[in-house]
S.K.: 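What follows is a structure written as structure tokens; I'll ask about it next.
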Amino acid sequence: MTREEARKRIEKLREELNRHNYYYYVLSKPLISDFEYDTLMHELIELEKRYPEFFDPNSPSQRVGNDLNKEFEQAEHEYPMLSLGNTYSREEVMEFDQRIRKEVHEPFLYVCELKYDGTAISLVYEHGRLIQAITRGDGTRGDVVTDNIKTIRSIPLILHGSGYPDRFIIRGEVFMPFEGFNRLNQERIKNGEEPFANPRNAAAGTLKMQNSSLVAKRPLDCFLYYLLGEDLPTDSHYENLQIARTWGFKIPEVMERHDRLEDIFRFIDRWDIQRKELPYATDGVVLKVDSLRLQERLGSTAKNPRWAIAYKFKAEQAKTRLLSVSFQVGRTGAITPVANLEPVQLAGTVVKRASLYNADQIKMLDLHIGDTVYVEKGGEIIPKITGVDFSQRPPGSQPVEFVRNCPACGTPLVRKEGEAVYYCPNEDGCPPQIKGKIEHFISRKAMNIEGLGEETIDLLFRKGLVKNITDLYDLKPEQLSPLERLGEKSAMNIIASIENSKKVSFERVLYALGIRFVGETVAKTLARRFGSIDNLARASFEELTETEEIGEKIAESIQTWFSNPHNLEIIRKLKEKGVTLEILEEKQEETPALLNGKTFVVSGIFEHFSRGGIKETIEKYGGRVSGSVSSKTTFLVTGDKPGPNKLDKARKLGVKIISEEEFIHMLPLHKDQ
Ligand code: IVH
């Protein structure tokens, strides 16, 4: 393939993938199978790697995110990001309408939309390309989260059609649909991480993650509901959004124009019911004056526009009786109180249990057994108790006491200073903790041992065959096959899978060990920094906390883990069995000569490299470094404060000028593919 052919193919692939993204994520009408899509994407990524000169920050391949951990820059909003005045009462909606009619003496329309319960985002487009995404922040300045936003496939990186202004801003709500939210939380619980309380927190937390390749794995989506700019197509908010749809934006599916309050209330009533069938969270209805001219005339207060209001739906609530409280033990030993309730119908499901979070929450509610309690299902999937009807408290009822001893093994519980959670410290002897650790160890993202479910682990534990993770490596097929429901073939498969797990990379083994606060990302960082389990075990507190991302809490947890003789014994046994406990060198063998034939000039101060470091990297990948710009230069890589002479010369000679980030994107290791 010639360079020119490659350029054309890359362009074609980008176009195709953009089109498929739009059909799949905006119109929900996929034209091709996932497999076909992945094949096209794979081809594009490979070509872009081979021809880094055709790098484009808006290529669909950039939606996988990158592995750079960075603090977010901040940027000023060109138009302040106001919030909406909100109300739960119809009277206030009527008053809002009256205020407007006092000012506006001509016929006008309201647009009724749903109020999406996520986190607000402001997108800047120039010449049809997404150039910046800013969070709401304090309304005046927000975090620049462009890389994270690019991972949301329904947000167009390059616009379709025509007629869009040269520069405009479009705002909307980033949200996580229920299905993806539930999946994410199940995974977090399995990994011993704190689940998100509701999809809104999950969306906001995800947008603030520092590593966009992890964001890419979270199921975010976005509705865009507000256009801003100088040359918008029409005077109508409603029409403009319909037009924005043809540019590739996902605009609200539900939008109606009305001029009579009666119809507006009908819209509200209808959607208070129908919203329960939507696959994402909404918490009200937004009313907006349709005409931009009238919007401007009505203006804003310091906080809210006068031309819009949010009517909020009441969270669904039910009253029921608290029968008892049980205490569950997680794999990290954390104790979670759960309320057992008299079954009650709430938001379409029968609720029997509600989460109580921790001891403080129980105290705050002043809960007694037998109390009549209010349960709510707001954005939360697991209902929560929000209050007690004290007038119905049975005489002589007992306050709910948080257990002092572990409900599974009887060990006295401990609570660390500054933490809300009680823990069972008997890590190595408490059955649910041991079983939880084994389940975590074999899970897909850890050692990926297949064929062993929760029940089989329970059985193996009860029969005394597996008392900790190292015992897995001593299992024999003849011990497995007589177990309930396991045949000879499954037993052989399990043994083979256990054997295979010895080849799993060090970073995953480290994650699999289940050290508190060492999730996937932290494990990766630690593996890269320390290279082997022995180095990590020897690392001082300072060495740990000097590592990027590792704070005192994590460092302390790592040191505690390694100071436990039981854990050292586990490491010794894993080593004996041949599990990978260091980074294997062979991984580094193939440094592809990606930058072969290219000459670079570097200028300015770089964030991720020293001056020498960036030169070394270029040479490592086969590129040449030169001190001055000439017609032979392929790229000028600029950091902060680049030399003006070099810049001028590069511009004159038509040498491509790229940023540090663009340079990093040329390298193969920045992606988590
Ligand atoms: S319009 C100036 N429309 O609600 C008005 N906002 O407190 C700009 N929201 O920050 C916002 N759904 O995050 C608008 N259909 C919708 C909305 C919506 C949700 C959020 C948005 C805003 C907050 C208002």
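Counting from 1, the numbers follow the sequence of the chain as shown. Whatever order the structure lists them in is the order used to number ligands and atoms, beginning at 1.
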S.K.: Is there a donor in the side chain of Q62 and an acceptor in the side chain of H665, or the other way round, less than 3.5 Å apart?
M.R.: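 Yes.
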
S.K.: Taking salt bridge (charged side-chain N to carboxylate O under 4.0 Å, His left out) as the test, write out the residues that go with E95, two or more places apart.
M.R.: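 In terms of salt bridge (charged side-chain N to carboxylate O under 4.0 Å, His left out), with neighbours along the sequence ignored, E95 is linked to no residue.
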
S.K.: Decide if the gap between the ring center of W247 and the ring center of Y22 is smaller than 6.0 angstrom.
M.R.: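 That pair fails the under 6.0 Å test.
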
S.K.: Does anything in residues 119-128 form a salt bridge (Lys or Arg N to Asp or Glu O under 4.0 Å)? List the pairs, not counting sequence neighbours.
M.R.: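 Listed by first then second residue: E126-R167.
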
S.K.: Can you pull the residues with any heavy atom under 4.0 Å from ligand 1?
M.R.: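 Lining ligand 1: S83, L84, E113, L114, K115, Y116, A120, E173, Y225, Y226, V286, K288, P305.
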
S.K.: Using 4.0 Å as the upper bound for N to carboxylate O, is an ion pair formed by D272 and R275?
M.R.: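 Looking at D272 together with R275, the answer is yes, because their closest N to O distance falls below 4.0 Å.
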
S.K.: Under the rule for side-chain hydrogen bond (donor to acceptor under 3.5 Å, both in side chains), what residues qualify as partners of E11, not counting sequence neighbours?
M.R.: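 Counting only residues at least two positions away or on another chain, E11 forms a side-chain hydrogen bond (donor to acceptor under 3.5 Å, both in side chains) with R7.
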
